[in-house]
Asks: 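Sharing a structure here in structure tokens format.
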There are 2 protein chains.
Amino acid sequence: MPEAPLSSAPLFEGLSAADVAAILAAAHRRRYGRADFVCHQGDPVDAVYMVAGGRVRLTQLEVDGQEVVIRFIGPGDIFGAVAAFKVTQFPVSGEVVEASEVLAWDRATMVSLIERHPRLGQNLMAILSGRIQEMRERIGDLQTQRVERRIARALLRLAQQAGQRTATGILINLPLSRQDLAEMTGTTLYTVSRVLSQWEADGIVKPGRERVEILRPHALVTIAEDLPSP
Amino acid sequence: MPEAPLSSAPLFEGLSAADVAAILAAAHRRRYGRADFVCHQGDPVDAVYMVAGGRVRLTQLEVDGQEVVIRFIGPGDIFGAVAAFKVTQFPVSGEVVEASEVLAWDRATMVSLIERHPRLGQNLMAILSGRIQEMRERIGDLQTQRVERRIARALLRLAQQAGQRTATGILINLPLSRQDLAEMTGTTLYTVSRVLSQWEADGIVKPGRERVEILRPHALVTIAEDLPSP
DNA sequence: CGAACGATTGACCCAACTCAAATGCGGTGG
DNA sequence: CCACCGCATTTGAGTTGGGTCAATCGTTCG
């Protein structure tokens with residue numbers, strides 16, 4: 001699986017290779033295995049993190065014990081920024097779903113790096129803005145769309161960030177349970193299972209244990225966009 | 001109604017009075033009347049805005065024409081930052097619900113101000129982080145909570161940002177229709193109406209035409225937190 | 001091989017949506 | 001000052017998407 005170099009991460013856009021090297025050099029590194037937690041909701045944070053390799057699932061625990069999957073993040077993605085600049089406690093938990101390496105800059109370091117490289121600050125702002133934008137879309141979806149449509153959109157998003165071309169379609173290259181999909185789309189694992197079964201009968205996807213392969217992406221787009229099925 | 005001075009806005013936290021004055025001096029000002037739009041979804045943006053007075057409702061239009069209320073903003077609140085640093089188009093529309101004055105810094109100005117006053121950048125980051133945090137909570141609510149609970153939480157949030165003490169309780173000092181509440185909480189105006197009627201019967205709120213007064217805030221908190229009603 | 005865990009499927013149910021109709025408030029113009 | 005109009009709101013009746021619960025099946029892994 002080809003892994004883009006970290007230097008091409010959005011956080012480093014527009015910075016010289018030398019600057020990026022300096023910034024990377026200021027980070028601490030840490031490795032994690034599958035099912036490790038890189039952070040727990042409520043832990044104090046004083047750093048900004050970046051995934052260097054592997055994949056992490058960020059979840060939020062509701063008061064009543066239900067879990068909500070906020071997002072999956074992979075190489076080049078950052079997390080902890082919200083906490084570092086505002087709340088000082090992790091608002092989410094991060095569970096490793098694929099062995100990972102994580103970089104960390106403590107808050108003071110990041111602040112001084114930003115002062116030295118203003119572009120870094122702008123990039124960070126752009127990243128946070130992008131998150132806000134995504135979440136607004138998700139809120140819009142949850143408020144106005146049917147479950148089937150939300151699941152279709154979630155699969156397409158996942159395909160984009162972790163899709164792998166196969167002989168027959170696009171495999172979402174992540175251990176992804178029905179429960180995960182339910183927590184991403186605000187439904188139950190039962191409903192997800194039913195929808196996927198239906199789509200399997202229609203030849204749109206090929207679901208498996210903790211895996212989903214998309215056979216006809218276009219059909220999924222049709223559902224996601226709520227177009228008349230042609 | 002006592003209006004906190006703009007200089008105490010979160011954006012200016014930790015900056016000297018002189019710095020704040022300089023930053024404010026760099027902004028353009030503009031006035032709007034009720035029902036004016038300060039921005040339309042899709043318009044190009046190249047500036048960061050701050051509400052100096054009045055109140056604005058930010059809404060997002062879904063593909064199918066349904067509206068979603070993202071938030072109400074008032075004096076000291078900023079908007080447009082997401083677009084300025086990322087998408088370059090307003091992701092939302094802003095309708096004035098109470099005559100308003102708005103400040104604007106174009107992107108280049110804001111960038112150079114941030115370079116001159118690093119704290120300004122940190123504050124902006126903190127504000128964006130706060131937004132992300134709020135939206136995560138909202139997503140969690142939408143995915144896991146009943147409508148009644150979401151309405152209670154929305155009212156409490158509104159009371160906090162636009163509440164006015166009265167002889168009998170707290171009045172939400174905004175023209176706020178059932179439709180608005182429905183679009184904030186992801187339900188229909190019919191359901192909102194029914195819930196408010198029930199609460200009125202219980203003596204918790206006193207609903208009126210485009211207005212809601214909270215008589216027993218504590219009861220609302222009980223519902224919002226899903227505690228056993230004592 | 002058996003335990004543990006993910007997934008599937010059926011049966012039932014209800015919170016909330018839809019649609020329709022009536023009511024009442026607020027402003028406006030005669 | 002009153003009559004009227006438009007719009008927000010209320011309320012009823014009927015419907016349903018999808019949640020809940022329970023039982024079963026299939027796989028993976030110790």
Side-chain angles (χ1 to χ4, degrees), chain A residues 33-35 57 62 64-69 95 97 141-155 172 174-202 204-213 223 226, chain B residues 34-35 57 62 64-69 95 97 140-155 172 174-202 204-213 223 226:
Chain A
R34 167 136 213 223
R57 184 181 60 184
E62 296 296 300
D64 54 7
Q66 285 192 72
E67 248 187 17
V68 173
V69 174
E95 184 181 358
V97 295
D141 274 9
L142 284 169
Q143 289 201 6
T144 66
Q145 310 305 157
R146 299 236 131 69
V147 163
E148 195 183 40
R149 199 163 184 268
R150 302 206 301 265
I151 296 173
R153 289 169 69 103
L155 284 181
I172 291 171
L174 273 180
L176 181 75
S177 68
R178 303 290 177 272
Q179 180 72 34
D180 287 333
L181 268 173
E183 288 173 4
M184 293 181 73
T185 54
T187 179
T188 61
L189 75 102
Y190 308 107
T191 299
V192 171
S193 176
R194 278 180 240 271
V195 168
L196 290 185
S197 295
Q198 178 58 51
W199 286 348
E200 182 177 21
D202 298 342
I204 298 174
V205 302
K206 185 160 175 7
R209 186 192 174 86
E210 294 194 300
R211 66 176 254 144
V212 180
E213 186 181 352
I223 295 167
D226 209 12
Chain B
R34 166 135 213 226
R57 184 182 57 187
E62 295 297 298
D64 55 7
Q66 286 193 70
E67 246 185 19
V68 174
V69 174
E95 184 182 358
V97 294
D141 274 8
L142 284 169
Q143 290 201 7
T144 65
Q145 308 308 153
R146 304 234 125 74
V147 164
E148 195 183 40
R149 199 160 182 268
R150 303 206 299 265
I151 297 174
R153 288 169 71 104
L155 285 181
I172 292 170
L174 272 180
L176 181 75
S177 68
R178 304 289 178 272
Q179 179 73 35
D180 287 333
L181 268 173
E183 287 173 3
M184 292 181 73
T185 54
T187 178
T188 61
L189 75 103
Y190 309 106
T191 299
V192 171
S193 176
R194 279 181 237 272
V195 169
L196 290 186
S197 294
Q198 179 57 51
W199 286 349
E200 183 178 20
D202 298 343
I204 297 174
V205 302
K206 183 161 177 7
R209 189 191 173 89
E210 293 196 302
R211 64 175 255 143
V212 180
E213 186 183 351
I223 295 167
D226 210 11

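In this text the structure is predicted, and so the values were computed from the model without any measurement.
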Asks: I need the CZ-P distance between B/R146 and D/dG19, as an integer number of Å.
Replies: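 Whole-Å distance recorded here is 11 Å.
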Asks: Return no unless some side-chain N or O of B/S197 is found under 4.0 Å from OP1 or OP2 of D/dT9.
Replies: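 No, B/S197 has no side-chain N/O under 4.0 Å of OP1/OP2 on D/dT9.
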Asks: Take the protein atom OH of B/Y190 and the nucleotide atom P of D/dG12, then report the distance between them rounded to whole Å.
Replies: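 So the OH-P distance, B/Y190 to D/dG12, works out to 15 Å.
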Asks: I'd like to know if the side chain of A/R150 reaches the main chain of A/T185, judged simply by a donor and an acceptor atom lying under 3.5 Å from each other, with no hydrogens or angles considered.
Replies: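 At least one qualifying donor-acceptor pair exists.
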Asks: If you look at every strand shown and take non-hydrogen atoms under 4.0 Å, does A/L189 touch a base, only sugar-phosphate, or nothing?
Replies: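 Base, at least one base atom sits under 4.0 Å.
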Asks: Write down the atom of B/A35, the atom of B/E95, and the distance for their closest heavy-atom approach.
Replies: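 Smallest interatomic distance, heavy atoms only, reads CA-OE2, 3.7 Å.
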Asks: Would you mind telling me which residue lines up with the more 5' stretch of DNA chain C, B/T191 or A/R178, judged by nearest nucleotide?
Replies: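 The residue closer to the strand's 5' end, by nearest nucleotide, is A/R178.
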Asks: Taking side-chain contact (heavy atoms from CB on, under 4.5 Å) as the criterion, tell me which of A/V195, A/I172, A/L189, A/L155 meets it with A/L181.
Replies: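 Single pass found, and it is A/L155.
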Asks: How many Å lie between CG on B/L174 and C1' on D/dA8, as a whole number?
Replies: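 Atom-to-atom, B/L174 to D/dA8, this comes out as 17 Å.
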Asks: List the atom of A/E62, the atom of B/Q145, and the distance in Å for their closest heavy-atom pair.
Replies: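 Smallest heavy-atom distance, with atoms named: OE1-OE1, 4.0 Å.
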Asks: Between D/dG19 atom C1' and A/R150 atom CZ, what is the distance in whole Å?
Replies: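 Those two atoms, CZ and C1', are 12 Å apart.
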Asks: Could you state the atom-to-atom distance from CG of B/L176 to C1' of D/dA8 in whole Å?
Replies: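 To the nearest whole Å, that distance equals 12 Å.
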Asks: Using every non-hydrogen atom in the two residues, find where A/E200 and A/P207 come nearest and quote the distance to one decimal.
Replies: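 Taking every non-hydrogen atom into account, CD-CD, 3.6 Å.
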Asks: Classify the side chain of A/R211 versus the base of D/dT28 as yes if they form a donor-acceptor pair under 3.5 Å and no if they do not.
Replies: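 Side chain to base: no pair below 3.5 Å.
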Asks: Under 3.5 Å, is there a donor-acceptor pair between the side chain of A/D202 and the main chain of A/I204?
Replies: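 Side chain of A/D202 to backbone of A/I204, a donor-acceptor pair under 3.5 Å: no, none is there.
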Asks: DNA chain D: A/R209 or A/T188, which has the more 5' nearest nucleotide?
Replies: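 On the 5' side of the pair lies A/T188.
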Asks: Take atom CG of A/L196 and atom P of C/dG6, then tell me their distance rounded to the nearest Å.
Replies: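 Rounded to the whole Å, the gap is 16 Å.
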Asks: Would you kindly check whether a donor in the side chain of A/R194 faces an acceptor in the base of D/dG19, or vice versa, at under 3.5 angstrom?
Replies: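 For A/R194, whose side chain was compared with the base of D/dG19, there is no donor-acceptor pair (under 3.5 Å).
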Asks: Take atom CG of B/D64 and atom C1' of C/dT18, then tell me their distance rounded to the nearest Å.
Replies: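 After rounding, the reported distance stands at 15 Å.
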Asks: Based on the rotation axes of five pairs at each end, what angle does the helix from C/dC1-D/dG30 to C/dG30-D/dC1 bend through, to 10°?
Replies: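 Nearest ten degrees gives 40° for this helix.
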Asks: Check B/T188 against B/A182 and note the closest heavy-atom contact, atom names and distance.
Replies: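 The pair with the smallest heavy-atom distance is C-CB, 3.4 Å.
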Asks: Tell me the interatomic distance from B/Q179, atom CD, to D/dC7, atom C1', rounded to whole angstroms.
Replies: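 Answer to the nearest Å: 12 Å.
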